[in-house]
2 protein chains.
Amino acid sequence: MSLSDLFDGDPFVPAQQARIEPIQQRSTARLSGLLDAAAIVVDEVGFDRITTAMVAERAGASIGTVYRYYPDRVAVLQALRERTVLRFRNRFAEQLKTSAPKHWSEAVDVAITAFVDLYRSEPGFRIMHFSDRQGVPVAEDPDTGYFARRVAGMMVEAFGLHGGDELSFRLEVAVEMGDSILSRAFRSDPQGDERFIEECRAVTHDYLAGYYGPSVR
Amino acid sequence: MSLSDLFDGDPFVPAQQARIEPIQQRSTARLSGLLDAAAIVVDEVGFDRITTAMVAERAGASIGTVYRYYPDRVAVLQALRERTVLRFRNRFAEQLKTSAPKHWSEAVDVAITAFVDLYRSEPGFRIMHFSDRQGVPVAEDPDTGYFARRVAGMMVEAFGLHGGDELSFRLEVAVEMGDSILSRAFRSDPQGDERFIEECRAVTHDYLAGYYGPSVR
DNA sequence: GCTCACCGAGCGGAACTCGATCATGGGAGT
DNA sequence: ACTCCCATGATCGAGTTCCGCTCGGTGAGC
């Protein structure tokens with residue numbers, strides 16, 4: 001999983017990955033069961049060793065059922081990615097509510113903490129971000145940075161900062177940097193190398209603080 | 001291709017990827033021809049859509065020839081990655097010689113420029129870094145950051161700075177950050193979004209300058 | 001002429017299809 | 001309300017296609 005995913009598409013509305021939308025009740029359970037299985041298999045055998053047969057067996061389904069919902073193998077992984085992004089957003093929003101940060105820098109920490117938590121608890125999270133850099137061909141949407149602009153709006157609203165294009169840009173860069181450092185933190189340590197995690201917080205704060213000026217540090 | 005690759009293994013000594021070392025002259029041309037073909041195909045169809053048949057056809061060779069030199073499909077991509085890393089190193093070293101920087105920050109700029117040049121000119125460069133994050137299984141070498149330490153040594157030698165573990169760590173973080181921002185710069189723009197490239201330079205400089213103190217800015 | 005390089009039909013396995021079969025749940029009939 | 005019926009969605013899994021990879025035979029270098 002990569003934080004840069006947050007800039008693709010409309011947040012809180014998962015992309016249409018399934019071949020045919022499920023109608024009956026049981027099939028939504030099937031669908032999430034398939035993704036659960038995919039996450040576990042990805043953790044076990046790695047990203048490119050995964051086979052549709054493994055996913056099907058792990059989910060207690062047949063091959064045909066997998067293709068009932070997904071056009072091909074990579075679509076399954078993309079859907080898993082979508083779902084995990086959604087889970088991050090939900091967790092972030094939730095923890096923003098409970099912690100009610102008074103300052104934007106606290107919100108940054110909340111985001112990092114949520115991300116780290118998912119790295120540690122969510123199956124497949126560590127592995128998944130390998131897929132993301134190959135430009136997702138879905139809907140040539142030039143509205144990259146949508147989520148960043150959204151966050152910018154949140155910041156402006158919540159903390160009375162001045163927003164605009166420059167803020168969007170800065171936030172996108174900050175997210176990109178933070179993602180790469182966290183990814184490094186978990187590359188060889190399942191619990192995450194604390195040194196890198198701390199540096200991620202520091203770098204992100206400093207970078208954004210530099211924009212707002214040292215007064216907000 | 002990812003800058004983080006620079007931390008793997010011994011620089012300037014490409015890993016033994018080929019199944020059997022070629023002996024006759026023509027075969028070395030074949031070998032590089034195969035990698036050229038692989039680079040082009042990767043650019044055309046993406047990283048996981050690539051097939052050995054495509055590579056063979058594009059290189060004007062047969063399937064068997066591919067497997068004459070590489071044990072399997074991923075080995076071809078790894079070899080391509082190796083070669084591109086080597087090319088980056090060569091270009092970086094070369095441009096370091098010609099520009100003869102007096103200050104470490106100029107060396108950083110040289111590295112970034114070399115990287116950007118390869119992004120623009122080297123086929124497959126934009127796509128290739130997808131493979132790297134899944135732990136390379138070759139030789140469980142805990143000596144991650146080897147290249148960073150090497151660069152640290154260069155810095156100490158060339159610019160009289162104090163090195164050590166902290167510098168290695170900082171350099172690794174800087175490389176990771178810079179890579180992610182450059183990757184973003186080229187994600188949707190084949191020529192690279194100048195805004196992100198400039199920000200990459202700024203961020204890297206600021207981050208490292210913060211370590212050495214504002215005096216060197 | 002001896003070895004290295006190359007070829008490409010063929011093998012095994014994984015991705016993916018499709019018609020048969022089962023399950024569901026909305027509504028007709030009572 | 002309650003049951004039962006059946007249209008339609010969901011599932012299955014044997015079969016097909018495609019792809020990674022092997023290997024014995026043929027051609028090119030030294």
Side-chain angles (χ1 to χ4, degrees), chain A residues 16-42 44-81 127 130-131 134 137, chain B residues 16-42 44-81 127 130-131 134 137:
Chain A
Q16 166 80 5
Q17 297 290 348
R19 171 172 282 183
I20 293 173
E21 202 71 11
I23 294 177
Q24 295 181 5
Q25 190 108 44
R26 57 172 169 165
S27 45
T28 69
R30 255 287 187 244
L31 228 163
S32 69
L34 285 174
L35 294 187
D36 293 341
I40 293 172
V41 172
V42 158
E44 282 180 357
V45 307
F47 193 79
D48 40 344
R49 300 291 182 197
I50 192 174
T51 71
T52 51
M54 292 180 193
V55 175
E57 187 190 359
R58 199 41 158 262
S62 76
I63 294 288
T65 299
V66 175
Y67 288 93
R68 165 72 179 73
Y69 293 108
Y70 299 103
D72 60 10
R73 203 185 57 110
V74 301
V76 178
L77 280 321
Q78 281 182 357
L80 178 56
R81 197 161 137 275
I127 312 291
F130 311 143
S131 72
Q134 30 204 343
Chain B
Q16 166 79 4
Q17 296 290 347
R19 170 173 285 183
I20 293 173
E21 203 71 11
I23 293 177
Q24 297 180 6
Q25 189 108 42
R26 57 170 171 167
S27 45
T28 69
R30 257 282 187 245
L31 229 162
S32 69
L34 285 175
L35 294 188
D36 292 340
I40 293 173
V41 172
V42 158
E44 282 179 357
V45 307
F47 192 79
D48 39 340
R49 301 290 186 195
I50 193 174
T51 71
T52 52
M54 291 180 194
V55 175
E57 187 189 0
R58 185 58 72 126
S62 76
I63 295 289
T65 301
V66 175
Y67 288 94
R68 166 71 179 72
Y69 293 108
Y70 299 103
D72 59 11
R73 202 188 59 122
V74 302
V76 177
L77 280 321
Q78 281 181 358
L80 178 58
R81 198 161 138 275
I127 313 290
F130 312 143
S131 72
Q134 30 203 341

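Just so we're on the same page: letters track the sequence lines, and every chain starts at 1. Note that these values count all heavy atoms, side chains included, but never hydrogens, waters or copies made by symmetry.
- For Tyr67(B), the listed nucleotide lying nearest its side chain is dC21(D); candidates were dC21(D), dA23(C), dT17(C).
- Sparse packing is recorded around CD of Glu57(B), with 12 or fewer heavy atoms of other residues, nucleotides or ligands lying under 6.0 Å away.
- Distance, Glu57(A) CD to dA14(C) C1': 14 Å, rounded to whole Å.
- Rounding to whole angstrom units, CZ of residue Arg73(B) and C1' of dA14(C) are separated by 12 Å.
- Atom pair Asp48(A):CG and dA15(C):C1' shows a separation of 15 Å (rounding to whole Å applied).
- For the pair Tyr70(B) OH and dT22(D) C1', the computed distance is 19 Å after rounding to whole Å.
- Salt-bridge formation is not detected for the pair Arg73(B)/Asp48(A): no Lys NZ or Arg NE/NH1/NH2 atom is positioned less than 4.0 Å from an Asp or Glu carboxylate oxygen.
- For Thr65(B), taking side-chain heavy atoms from C-beta onward, the closest of the listed nucleotides dC7(C), dC21(D), dC16(C) is dC7(C).
- OP1 or OP2 of dA10(D) has at least one side-chain nitrogen or oxygen of Ser27(A) nearer than 4.0 Å.
- For Ile63(A) and dA20(C), the CD1 to P distance is 21 Å, given to the nearest whole Å.
- Residue-to-nucleotide proximity on DNA chain C shows that, of Arg30(B) and Ala53(A), the 5′-proximal contact is made by Arg30(B).
- Scanning both residues, Val55(B) and Ala37(B), for their nearest heavy atoms gives O-CB, 3.6 Å.
- Distance CZ (Arg68(A)) to C1' (dA10(D)): 6 Å, rounded to an integer number of Å.
- Nearest to the side-chain atoms of Thr51(B) among the listed nucleotides dA14(C), dG9(D), dC19(D) stands dC19(D).
- Between the CZ atom of Arg49(B) and the C1' atom of dC18(D) there is a distance of 13 Å, given to the nearest Å.
- Of the candidate nucleotides dA10(D), dC6(C), dC12(D), dA10(D) has the atom nearest to the side chain of Arg26(A).
- Atom CG in Asp72(B) sits roughly 17 Å away from atom P in dC19(D) (whole-Å rounding).
- When side chains are defined from C-beta on, Ile50(A) does not count as touching Val76(A), because their heavy atoms never get closer than 4.5 Å.
- Here OH of Tyr70(B) is found 13.5 Å from OG1 of Thr52(B). Values are rounded to the nearest 0.5 Å.
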